[in-house]
Trainee: 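Let me give you the structure first, and then I'll get to my questions.
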Amino acid sequence: MNWISTKEELPAEGRRVLVGMHANTDWPIITVGVCCEDHWLIDAETRPVGMQEVQYWTPIANLPRNQG
């Protein structure tokens, strides 16, 4: 899994991705979110999250399909 800095690149708008962020904590939080025009919608937060609050993101891997 390769983490991408939000300073370098943002995911496509509306695409659900894993995000790494600090939300007033000493430890980073890993959760799922969606990048919108000027904010993030994060599953673990009840408010729109500012663009500067999310530091990293990575695509969500697809689950392998049963080949049976």
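If you're wondering where the values come from, they're calculated on a predicted model, not measured in any experiment.
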Trainee: Examine Ile60 and Ile30 and state if one hydrophobic cluster contains both, with Ile, Leu, Val, Met, Phe, Trp and Tyr joined whenever side-chain heavy atoms are less than 4.5 Å apart.
Mentor: yes

Trainee: Considering all heavy atoms of both residues, which atom of Trp3 and which atom of Val19 are nearest to each other, and what is their separation?
Mentor: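 Closest approach of Trp3 to Val19: CZ3-C, 3.9 Å.
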
Trainee: Could you pull out the closest heavy-atom pair between Ile42 and Gly33, with the gap in Å?
Mentor: CD1-CA, 3.9 Å

Trainee: How many angstroms lie between NZ in Lys7 and CE in Met51, if you round to the nearest 0.5 Å?
Mentor: 13.0 Å

Trainee: Determine which pairs satisfy side chain to side chain donor-acceptor pair (under 3.5 Å) with at least one residue from residues 54-64, sequence neighbours left out, and list them in order.
Mentor: none

Trainee: Taking the side chain as every heavy atom from C-beta outward, state whether Val17 and Cys35 have any atom pair closer than 4.5 Å.
Mentor: no

Trainee: Examine Ile4 and Ile29 and state if one hydrophobic cluster contains both, with Ile, Leu, Val, Met, Phe, Trp and Tyr joined whenever side-chain heavy atoms are less than 4.5 Å apart.
Mentor: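 Same cluster: Ile4 reaches Ile29 through Ile, Leu, Val, Met, Phe, Trp or Tyr contacts under 4.5 Å.
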
Trainee: Nearest 0.5 Å, please: how far is CZ in Arg16 from CG in Asp43?
Mentor: 4.5 Å

Trainee: State, to 0.1 Å, how close Arg15 and Pro59 come at their nearest heavy-atom pair, and which atoms those are.
Mentor: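 Smallest heavy-atom distance, with atoms named: NH2-CB, 3.3 Å.
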
Trainee: Within the side chain of Glu53, is there an N or O that forms a donor-acceptor pair under 3.5 Å with the backbone of Gly50?
Mentor: yes

Trainee: Compare all side-chain heavy atoms of Met21 with those of Val49 and state whether any distance is below 4.5 angstrom.
Mentor: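 Yes, close enough: below the 4.5 Å cut-off.
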
